[in-house]
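Note that these values count all heavy atoms, side chains included, but never hydrogens, waters or copies made by symmetry.
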Amino acid sequence: GEAGMASVAKLKKGWGVPWSFLALPLAVYLVWVYIPIAQSFGYAFTKRDSLLYSTVYIGFGNFTRLFGDPQFYVALKNNLVWLIFFVLIPIPLGLFIAMLFNNAFKGNRIYKTLFYLPMTLSFAIIGTIWMWIYNPDAGFLNTILRNVGLADLARPWLGDRRFMTGALVAVGVWRQVPYIMILYLAGLQGVPVELVEAAVIDGANWWQRFTRVILPVLAPATVVSITISVIDSLRAFDIIYVMTNTKARAAEVLASYMYTASFQYQDYGYGSAIAVVQFLITLGFILVYISRTLKDEQESGL
């Protein structure tokens, strides 16, 4: 009847408001994200014909070449190193620092700001600072090692293929820790004081309070921290570009290999194939995160 039609019209009108707000950002996202992703998938099945000055369809040729390319496996292995260290170091260290800063003490805000400072710097500045730190002759790191009697450990950190990836990952980790710290500081605001006090009254020591009261409440923050760290490790590019100019093939990751193939060798089809593989790997982790989040929401009745 009329009441039903009115309610439908009201519902449609209600939906119109959020969609009108979303229209512009969705349009921008479509132009700058979704369409380029679709184009990359299309380019991945083509190659440039230098004689005809055009692109020709080659099917899965780029992917066949990719999976037989030793440099692709170097990039994949380096991305795995980034992933492992981005999870194993920033997550526990960020949590530890957040736990320290969650207590009230003199200078708390100053130290918190200093720890967060790396997140406010651009990768160009971070890269420049760390190139000075890693300088083999007058660099801060090697100077310190020589002055404390560990001259044997001084290395050309960015000039030796054995240490390149580790040196670059260290810079990425240094920047990632404050990000995780902020996520955990936000999560710690949700820890009920009454629960902690009840645990103290029940005779729980600090480790039992941490593992049985605080960690379970921080589970959502941990899932977000791990997911963000994994995704950030898989799209690592800025630091590598700034500090090696993508010329250090031993430190190659998927993103830098994609850039090198596409823009230095003008092999856009091959670069797109690398981008597709990187996208699919990252998408896998994102889907796991989304499915976990949706499951948690269903269980909590949201």
Would you name the heavy atoms of [X] and [Y] that are closest together and state the gap between them?
| X | Y | value |
| --- | --- | --- |
| Val217 | Gly190 | CG1-O, 3.5 Å |
| Met119 | Pro178 | CG-CG, 3.9 Å |
| Ala221 | Leu183 | CB-O, 4.1 Å |
| Ala98 | Leu188 | O-CD1, 3.6 Å |
| Ala261 | Ile274 | CB-CD1, 4.2 Å |
| Val253 | Ala75 | C-CB, 3.5 Å |

Keeping the roles fixed (side chain from [X], backbone from [Y]), state whether a donor-acceptor pair exists under 3.5 Å.
| X | Y | answer |
| --- | --- | --- |
| Ser256 | Glu252 | no |
| Asp232 | Gln176 | no |
| Asn103 | Met99 | yes |
| Asn62 | Ser272 | no |
| Gln208 | Asn205 | yes |
| Gln266 | Ser262 | no |

[Y] side chain reached by [X] side chain, heavy atoms, under 4.5 Å:
| X | Y | value |
| --- | --- | --- |
| Pro90 | Tyr179 | no |
| Leu254 | Leu234 | no |
| Asp267 | Arg65 | yes |
| Val81 | Val169 | yes |
| Arg235 | Gln278 | yes |
| Trp206 | Arg209 | yes |
| Thr227 | Val288 | no |
| Val277 | Phe72 | yes |

How about [X]: does its [atom1] atom have over 12 heavy atoms from other parts shown lying under 6.0 Å from it?
| X | atom1 | value |
| --- | --- | --- |
| Leu280 | CG | yes |
| Phe21 | CZ | no |
| Lys47 | NZ | no |
| Asp152 | CG | no |
| Phe41 | CZ | yes |
| Arg146 | CZ | yes |

Original post:
Which residues pass the salt bridge (Lys or Arg N to Asp or Glu O under 4.0 Å) test with Asp238, sequence neighbours left out?
Top reply: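 Checked Asp238 against salt bridge (Lys or Arg N to Asp or Glu O under 4.0 Å); zero matches.
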hydrophobic_cluster_shared for [Y] and [X], side chain cutoff 4.5 Å:
| X | Y | answer |
| --- | --- | --- |
| Val173 | Leu117 | no |
| Val148 | Ile133 | yes |
| Tyr116 | Leu121 | yes |
| Ile180 | Leu215 | yes |
| Leu76 | Met164 | no |

**OP:** Could you check whether the rings of Tyr34 and Tyr29 sit parallel, tilted or perpendicular, using 30° and 60° as the cut-offs?
**Re:**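 Answer is perpendicular, since the angle exceeds 60°.
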Original post:
Between Tyr111 and Phe101, how do the two ring planes meet: parallel, tilted or perpendicular, split at 30° and 60°?
Top reply: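 Ring orientation, 0 to 90° scale: parallel.
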Measure the [atom1]-[atom2] distance between [X] and [Y] for me, rounded to the nearest 0.5 Å.
| X | Y | atom1 | atom2 | answer |
| --- | --- | --- | --- | --- |
| Leu100 | Phe105 | CG | CZ | 7.0 Å |
| Ile126 | Met131 | CD1 | CE | 14.0 Å |
| Ile228 | Phe86 | CD1 | CZ | 12.0 Å |
| Ile281 | Asn79 | CD1 | CG | 7.5 Å |
| Leu153 | Ile144 | CG | CD1 | 13.5 Å |
| Phe85 | Thr165 | CZ | OG1 | 10.5 Å |

**OP:** Would you sort out whether Leu185 and Lys112 count as a side chain to side chain contact (heavy atoms under 4.5 Å, CB included), showing the intermediate values?
**Re:** CA-CA 10 Å; Leu185 273 171; Lys112 206 182 289 183; 3.8 Å; yes
Subject >> Verdict with reasoning, Ile58 to Thr46, per side chain to side chain contact (heavy atoms under 4.5 Å, CB included) >> reply: CA-CA 5 Å; Ile58 58 165; Thr46 65; 5.6 Å; no
Subject >> Pairs touching residues 162-181 that satisfy salt bridge (charged side-chain N to carboxylate O under 4.0 Å, His left out), sequence neighbours left out >> reply: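 Pairs touching residues 162-181 that pass the test: Asp160-Arg162.
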Establish, from distance only, whether the side-chain atoms of [X] and [Y] form a donor-acceptor pair under 3.5 Å.
| X | Y | result |
| --- | --- | --- |
| Tyr134 | Asn142 | no |
| Asn78 | Tyr257 | no |
| Gln264 | Thr260 | no |

Validation row, ring centre [X] to ring centre [Y] under 6.0 Å:
| X | Y | answer |
| --- | --- | --- |
| Phe63 | Phe45 | yes |
| Tyr241 | Phe123 | no |
| Phe67 | Tyr73 | no |

Original post:
Which is it for Tyr289 and Val224 under the side chain to side chain contact (heavy atoms under 4.5 Å, CB included) test, yes or no, and what are the steps along the way?
Top reply: CA-CA 8 Å; Tyr289 168 65; Val224 171; 3.6 Å; yes
Original post:
Mind checking who shares a hydrophobic cluster with Leu88, ILVMFWY linked at side-chain heavy-atom distances under 4.5 Å?
Top reply: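 Listed partners: Leu80, Ile84.
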Original post:
Taking the six-membered ring of Tyr268, is the NZ or CZ of Arg48 close enough (under 6.0 Å from the centre) and on axis enough (within 45°)?
Top reply: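 Pair Arg48/Tyr268 does not count as cation-pi.
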Original post:
Name the one of Thr222, Asn102, Ile97 that satisfies side-chain contact (heavy atoms from CB on, under 4.5 Å) with Tyr184?
Top reply: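 Answer after filtering Thr222, Asn102, Ile97: Thr222.
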